[in-house]
Structures are given as C-alpha cells and as structure tokens.
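This report concerns only the one structure given below.
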Amino acid sequence: MIKISVNGEIKEVSENLNVKELIQALEYKTKGFAVAVNTTFVAIDSYEKTIIRYGDTIDILSPVQGG
C-alpha cells in the first residue's frame, strides 16, 4: 500500500495503480471530471499509462456551472 493525497485527503491505495484503476478503486462515479496528478492534468487517453506513485497529489475536479 502507498499513501497519496486525493482532493486534500490522505488515502492508502495499492501500489502500481494507474489513473483508471485509481478512479475505480475510489468508486468515483461522477461523470465529466478531470484528473490532475501533481498539478498536471492527465488526458483521458493517458489514464491507463499514468501510474500513481507514493506521495502523489491527485485532484479530481468536477466542472462548475454558472454564468
């Protein structure tokens, strides 16, 4: 297990997860969100190639509506 920060909360997750697997492990079900790892946005087509490492800071951001 490794410790990471997800939206400001410390979480313990399995080692060698990619972004797609992390989202599934966190049971994140909101549609239309963006993911940043260490303040760098990850493109959807890179989710399976981007491995989460110990100490990473993950931000999962939902769009905000307004005008």
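Hydrogens, waters and symmetry mates are skipped; everything else that's a heavy atom, side chains included, is used.
Contact between Ser14 and Ile2 at its shortest, heavy atoms only, is O-CG1, 4.1 Å.
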Would Leu26 and Ile60 count as a side-chain contact (heavy atoms from CB on, under 4.5 Å) if you check the C-alpha gap in whole Å, the side-chain angles of each, and the deciding distance to 0.1 Å?
-> CA-CA 11 Å; Leu26 295 174; Ile60 302 174; 4.1 Å; yes

Test Phe41 against Asp59 for side-chain contact (heavy atoms from CB on, under 4.5 Å), laying out the working first.
-> CA-CA 9 Å; Phe41 282 97; Asp59 294 301; over 6 Å; no

Could you go step by step and tell me if Ser62 and Tyr28 meet the side-chain contact (heavy atoms from CB on, under 4.5 Å) rule?
-> CA-CA 11 Å; Ser62 297; Tyr28 205 84; 3.5 Å; yes

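Paired with Val19 under the rule side chain to side chain contact (heavy atoms under 4.5 Å, CB included), one option of Ile51, Ile44, Val37 passes, and it is Val37.
Distance check, rounded to the nearest 0.5 Å: CE of Met1 to OH of Tyr54 gives 12.5 Å. With values rounded to the nearest 0.5 angstrom, Ile4 atom CD1 is found 4.5 Å from Leu22 atom CG.
Annotation: salt bridge (Lys or Arg N to Asp or Glu O under 4.0 Å) contacts involving residues 14-26, sequence neighbours excluded, comprise Lys20-Glu48.
Linking Ile, Leu, Val, Met, Phe, Trp and Tyr whenever their side-chain heavy atoms come within less than 4.5 Å leaves Tyr47 and Leu61 in two separate clusters.
Counted within 6.0 Å of CD1 on Ile10, heavy atoms from surrounding residues, nucleotides or ligands total more than 12; the atom is thus considered enclosed. Counting non-hydrogen atoms of neighbouring residues, nucleotides and ligands closer than 6.0 angstrom, the CD atom of Glu9 reaches no more than 12 such neighbours.
Here the side chains of Ile58 and Asn7 are not in contact, with every heavy-atom distance at 4.5 Å or above.
With Asn38 contributing its side chain and Thr57 its backbone, the two residues share a donor-acceptor pair below 3.5 Å. The backbone N or O of Val42 lies less than 3.5 Å from no partner atom in the side chain of Ser46, so there is not a single donor-acceptor pair. No donor-acceptor distance shorter than 3.5 angstrom exists from the side chain of Asn18 to the backbone of Lys49, with no hydrogens or angles considered.
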